[in-house]
Amino acid sequence: MKTSMNENFMELESRVLDSLEKTDLIKIKSILSSINTPTLVSGVGGSAVVSLFLTKVLSIKNNIICENVTARDLIYKNLKCFQNIISCSYSGNNYGVATSFNNDLNKYLLSRNIKEKIININYSSLDIEESFISLSSTLIPMSIILAYYLDYDIDIIKEILNSTHEFNFSDSDIYEILSGYETSTASKFIESTLAESGIGIPIVHDKYDFCHGRSTLNHNYNSNLILLNTNSELDELYNSTLDNYYNSVIRLNKKYDDDIVNDYYFTYLSMFLCKKIADAKKKDLSIVDYSPLVKKLYYFKGEM
């Protein structure tokens, strides 16, 4: 019997804390801190959220050139200016991982499992999550990465996992998301979750691009807006203006001054926001009534 969304959310905090306790964080720090040359990071689905977060952490923590890419991008991209590829995958077994390693770069795998002939950045996850939408399997590796960034100060992680989350809005089929680099991990989670679960049509706007005509979309369609609010002057303009134009404006408000910590916090809140949207539509993020096309495409292993 499959595990329901409500059960997986109830277990989310304990699964993350259990992983932090049982993972060899010192070994992970040793591996990650040794990466000091230009690096590509890749992930698919929920792991694309993880790969984006890791890219940002390595760029700041290790002070290196670091770029987030899809597995398919690696086939077409000039790789000569990079030396490392880190593939992020909860299982470590999908075709995207194999594709990302089909090159001459130094190969790393961030996963709960281990593969031979590569450098494994291995974390513990003893309680396996059964869910169509990745919850703990996204938040666990993000928490491991944040622990590395914070030099093991997991008190902030514990604080975030105890955050309250109230969202009040009228449901809609279209969700426009106002985001930017500093909140891109959270907006990536929202976008992929709404699309993969089919609970909404997500459209991500860069905050400044939105000033140049993209508000026309809502003028023709009845949308909700999700504002990842970091208290900039531009955000203040949006806060004072957009309620008059949208069906509902849902605000995720900045809590931490550190952009990396705040992006993690926003991603955590985004999980509960997506749950709220799913509840409004009487859907289950863990047991999704997905298209029959999903399985036909999921197992593709050909030339891309």
Side-chain angles (χ1 to χ4, degrees), residues 12-13 15-43 46-69 82-90 106 108-112 119-125 134-163 179-189 228 230 252-271:
L12 184 57
E13 179 182 357
R15 284 170 173 163
V16 170
L17 294 179
D18 180 69
S19 178
L20 285 168
E21 179 183 341
K22 293 176 180 174
T23 296
D24 189 343
L25 296 177
I26 294 176
K27 181 179 180 181
I28 287 181
K29 180 178 181 180
S30 176
I31 296 171
L32 289 178
S33 62
S34 70
I35 300 173
N36 55 17
T37 51
T39 299
L40 294 164
V41 188
S42 180
S47 292
V49 180
V50 176
S51 68
L52 180 55
F53 191 65
L54 179 57
T55 299
K56 296 165 75 168
V57 167
L58 289 177
S59 177
I60 294 173
K61 181 79 171 178
N62 294 27
N63 198 31
I64 60 172
I65 294 169
C66 199
E67 185 177 339
N68 187 57
V69 294
F82 295 92
Q83 291 185 260
N84 314 299
I85 173 67
I86 305 174
S87 188
C88 303
S89 171
Y90 187 64
N106 300 320
Y108 298 78
L109 175 66
L110 176 67
S111 177
R112 63 178 294 274
I119 301 170
N120 289 282
I121 310 168
N122 181 242
Y123 55 85
S124 172
S125 179
S134 300
L135 299 169
S136 66
S137 53
T138 295
L139 201 61
I140 284 173
M142 282 187 63
S143 301
I144 298 298
I145 295 163
L146 185 59
Y148 164 66
Y149 176 75
L150 296 172
D151 293 322
Y152 310 134
D153 183 7
I154 65 171
D155 287 342
I156 296 177
I157 298 174
K158 291 179 179 178
E159 177 182 287
I160 291 172
L161 294 177
N162 281 294
S163 300
S179 185
Y181 179 79
E182 76 281 13
T183 57
S184 55
T185 310
S187 59
K188 179 65 176 176
F189 179 85
L228 299 175
T230 58
L252 277 61
N253 294 314
K254 179 178 180 177
K255 183 176 181 180
Y256 299 94
D257 290 332
D258 187 300
D259 285 344
I260 293 293
V261 176
N262 206 61
D263 201 14
Y264 176 94
Y265 170 65
F266 275 167
T267 305
Y268 177 72
L269 292 185
S270 296
M271 292 183 170

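For this chain, numbers begin at 1 and follow the sequence in order. Since this is a predicted model, take the numbers as computed values, not measurements.
In this structure, L25 CG and S30 OG are separated by 12.5 Å, a value rounded to the nearest 0.5 Å. To the nearest 0.5 angstrom, S124 atom OG is 9.5 Å from L20 atom CG. For the atom pair I64 CD1 and N84 CG, the distance stands at 7.0 Å (nearest 0.5 Å). Here the OG atom belonging to S143 is positioned 10.5 Å from the CD atom belonging to E13, to the nearest 0.5 angstrom.
Among D263, D259, V41, I145, the one residue that satisfies the side-chain contact (heavy atoms from CB on, under 4.5 Å) test with K56 is D263. Applying side-chain contact (heavy atoms from CB on, under 4.5 Å) to L110 and the options S87, S47, S89, C88 leaves one that passes, C88.
Across every non-hydrogen atom of S19 and I144, the tightest pair is OG-CD1, 4.0 Å. Counting all heavy atoms, side chain and backbone alike, A186 lies closest to L228 at CB-CD1, 4.3 Å.
Not a single salt bridge (Lys or Arg N to Asp or Glu O under 4.0 Å) links R112 to another residue, sequence neighbours left out.
Without hydrogens or angle criteria, S179 side chain to T183 main chain gives a donor-acceptor distance under 3.5 Å.
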Side-chain donor-acceptor pairs under 3.5 Å in residues 153-162, sequence neighbours left out?
{"from": "D153", "atom 1": "OD1", "to": "D155", "atom 2": "N", "distance (Å)": "3.4"}
{"from": "E159", "atom 1": "OE2", "to": "Y256", "atom 2": "OH", "distance (Å)": "2.4"}
{"from": "N162", "atom 1": "ND2", "to": "K158", "atom 2": "O", "distance (Å)": "2.9"}

- [ ] Determine, stepwise, if the pair Y148 / S33 fulfils side chain to side chain donor-acceptor pair (under 3.5 Å).
- [x] CA-CA 9 Å; Y148 164 66; S33 62; 5.0 Å; no
